[in-house]
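Contents: one structure, followed by commentary.
First the proteins, then the strands, lettered A, B, ... as listed; each starts at 1.
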Amino acid sequence: MASKYKAPRGTQDVLPEVSWRWQRVEAAFRDICRRYGYGEIRTPIFEDTQLFVHGTGEGTEIVNKQMYSFDDRGGRSLTLRPEGTPPVVRAYLEHGLASGGVQKFHYIAPIFRYERPQAGRYRQHTQLGVEAIGAPGPDIDAEVIALFHDFLTEIGLEGAVTHASSIGCRNCRPALSGALRAFFKPKLDDLCDFCQARYETNPLRILDCKVPADVEARVGAPSALDHICDECRAHFDAVVALLTELDIPHEVDPTIVRGLDYYARTTFEVVHPSLGAQDVVMGGGRYDGLAEALGGPATPGIGFGSGLERLLLVLGEDGSSPGPDVYVAAASDEARGAAFTLVLELRRAGLSVEVDYTGRALRAQMREANRLGARTAALIGEDEVAAGTVTLRDMATGEQESVPAGQVVERIKAGPGAGGSRT
RNA sequence: GUGACCGUAGCUCAAGGGUAGAGCACCGGACUGUGGAUCCGGUGGUUGGGGGUUCAAAUCCCCUCGGUCACCCCA
């Protein structure tokens with residue numbers, strides 16, 4: 001035990017040897033969002049607890065048992081963001097952004113939920129998310145799904161499957177729930193305990209249950225898509241048609257149900273088979289009633305959240321972090337001063353440069369250069385200091401050449417291996 | 001929140017009541033200004049933490065913390 005303290009349960013340290021992977025995915029996401037016109041929004045890491053109670057919904061698992069809530073010294077009840085959407089809608093309303101037409105945002109933000117950790121499920125995780133507020137039509141639904149699809153293509157993640165459905169609006173949801181209750185009523189005793197509870201609270205969720213008896217019990221159950229109103233149906237059909245036209249692979253899956261109260265109409269998720277039980281890599285949908293629930297005007301909105309840790313899990317651990325451009329090695333203690341001067345000069349010229357800080361032998365410095373994956377080693381010894389030169393070694397080929405001190409930057413930038421002689 | 005399995009060196013794992021070990025990694029040498037291969041040597045552990053049983057505990061028992069899997073939930 002190196003320390004008596006450990007990272008809290010369900011959290012993790014991301015060390016430099018892996019954080020470069022995170023940065024790569026984040027950069028790809030930001031670039032896709034730039035192309036689609038989704039500007040970055042940064043909201044506080046904690047919010048008024050009521051924002052989530054009223055936004056995410058009182059009946060939800062998140063609000064009931066997963067929030068990190070605390071009173072601050074002024075007696076305010078605050079909550080660590082358990083979910084990305086309500087803060088964005090809150091900011092949208094707070095800053096009067098409705099007057100600016102459709103607003104599109106993206107964020108990369110830590111999310112906190114008190115859950116039992118397991119692979120792909122953490123108490124602090126990071127979501128890549130997007131929110132488009134103010135646009136009611138099916139085209140924006142398709143755009144958001146397309147954006148994520150392009151993002152997955154960009155980062156080279158293959159094998160993901162996109163499921164989409166519609167759970168109706170506040171006008172037709174009651175009829176849909178009623179139809180489901182009517183269907184399950186005679187079978188109520190056959191359902192699992194959870195589903196018996198869901199029968200009352202949210203019968204849609206019975207369609208989502210994995211208990212074998214329930215899977216059997218729901219054969220022939222009414223499909224959400226057959227019981228939503230004409231407007232909702234037309235909206236969903238249009239979304240599907242657009243996805244098909246855009247060549248975005250997708251499956252219509254009436255069993256997908258989201259766990260948050262505010263979802264309406266289009267819902268979707270992307271799963272990946274390599275992940276086991278926590279296989280949802282992205283989830284989202286339309287939330288046309290959320291702004292109103294937060295005290296604002298009726299405003300349509302749609303967005304998704306995607307778990308960065310899960311994406312990384314799917315991507316695996318191939319490849320290694322890029323090494324420095326140059327490793328500067330001192331052949332003797334007398335040359336260390338000159339070596340360090342060269343290090344700073346090269347860094348100021350824009351190169352990434354490493355050196356030894358522990359006074360080790362040249363051999364050890366070269367081993368380090370190799371381990372780090374440096375492309376070029378720059379050697380300085382007494383000979384070089386006397387001659388005003390630096391010896392550059394191409395680490396891949398072993399070729400070396402002596403270069404006047406003033407030309408080192410230029411020579412390295414020209415790329416290793418362009419000249420020199422074998423050793 | 002429920003159930004199950006698991007925590008030994010930086011990493012992957014041995015030792016199942018009697019001196020805590022190996023491989024990899026790391027450091028050094030062979031090679032006194034030159035990396036990747038090979039050989040030799042070395043550093044490194046109050047066996048997750050606490051308590052108990054015992055002459056003796058990594059090993060058996062209890063508690064606790066953490067991880068993993070499933071449920072649940074979700075990203």
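Nucleotide B:G18 forms a pair with B:C55, judged by Watson-Crick or G-U wobble geometry with both contacts under 3.5 Å. B:G3 is paired with B:C69 under the criterion used here, namely a Watson-Crick or G-U wobble arrangement in which both key atom distances are under 3.5 Å. Base pairing of B:A75: no nucleotide in any strand meets the Watson-Crick or G-U wobble criterion (both distances under 3.5 Å). With a cut-off of 3.5 Å on both Watson-Crick or G-U wobble distances, the partner of B:U46 is given as none. Remark: B:G36 base-pairs with no nucleotide; criterion is Watson-Crick or G-U wobble with both hydrogen-bond distances under 3.5 Å. Shown here, B:C24 forms a base pair with B:G10; the pair counts as Watson-Crick or G-U wobble because both key distances fall under 3.5 Å.
Side chains of A:Arg81 and A:Thr43: a donor-acceptor N/O pair is present below 3.5 angstrom, by distance only. With hydrogens and angles left out, the side-chain atoms of A:Asp253 and A:Ser165 include no donor and acceptor closer than 3.5 Å.
At the heavy-atom level, A:Gly120 lies under 4.0 Å from base atoms of the strands shown. Using a 4.0 Å heavy-atom cutoff across all strands shown, A:Gln12 reaches no nucleic acid atom at all. Here A:Ala364 lies in heavy-atom contact (under 4.0 Å) with sugar-phosphate atoms only. Contact annotation for A:Gln365: no contact, since no heavy-atom pair falls under 4.0 Å across all strands.
Because its NZ or CZ atom is both nearer than 6.0 Å to the ring centre of A:Tyr114 and within 45° of the ring axis, A:Arg123 counts as a cation-pi partner of that residue.
Between A:Gln118 and B:A70 there is a side-chain polar atom (N or O) within less than 4.0 angstrom of OP1 or OP2. Under 4.0 angstrom from either OP1 or OP2 of B:G33 there lies no side-chain N or O belonging to A:Arg336. Between A:Arg367 and B:G36, a side-chain N or O to OP1/OP2 separation shorter than 4.0 Å is absent. Put simply, A:Arg116 has no side-chain N or O that comes within less than 4.0 Å of OP1 or OP2 on B:C73.
Looking at the side chain of A:Tyr122, the nearest of the listed nucleotides B:G33, B:G35, B:A75 is B:A75. In this structure, the nucleotide among B:G66, B:C31, B:C27 sitting nearest to the side chain of A:Arg363 is B:C31. Closest to the A:Gln278 side chain, of the nucleotides B:C72, B:U34, B:G35, is B:C72. Here B:U34 is the nucleotide among B:G33, B:U34, B:U68 with the atom lying nearest to any side-chain atom of A:Met366. Nearest to the side-chain atoms of A:Glu61 among the listed nucleotides B:G1, B:C72, B:A75 stands B:C72. Residue A:Glu309 places its side chain closer to B:A75 than to any other of B:C71, B:A75, B:G33. Nearest to the side-chain atoms of A:Ala277 among the listed nucleotides B:A70, B:G35, B:U34 stands B:A70. Set against B:C74, B:A75, B:G67, the side chain of A:His125 has B:A75 as its closest nucleotide.
None of A:Arg375, A:Lys413, A:Arg347 except one satisfies the side chain to side chain donor-acceptor pair (under 3.5 Å) rule with A:Asp325; the exception is A:Arg375.
When each of A:Ala7 and A:Lys65 is assigned the nucleotide of RNA chain B with its nearest heavy atom, A:Ala7 is the one assigned upstream, toward the 5' end. Of the residues near RNA chain B, A:Ala119 and A:Gly283, the one whose nearest nucleotide (by heavy atom distance) lies more toward the 5' end is A:Ala119.
For A:Phe112 and B:A75, the CZ to P distance is 16 Å, given to the nearest whole Å.
Atom CZ of A:Arg371 sits in a crowded spot, with more than 12 heavy atoms from other residues, nucleotides or ligands closer than 6.0 Å. Around atom CZ of A:Phe46, no more than 12 heavy atoms belonging to other residues, nucleotides or ligands sit under 6.0 Å away.
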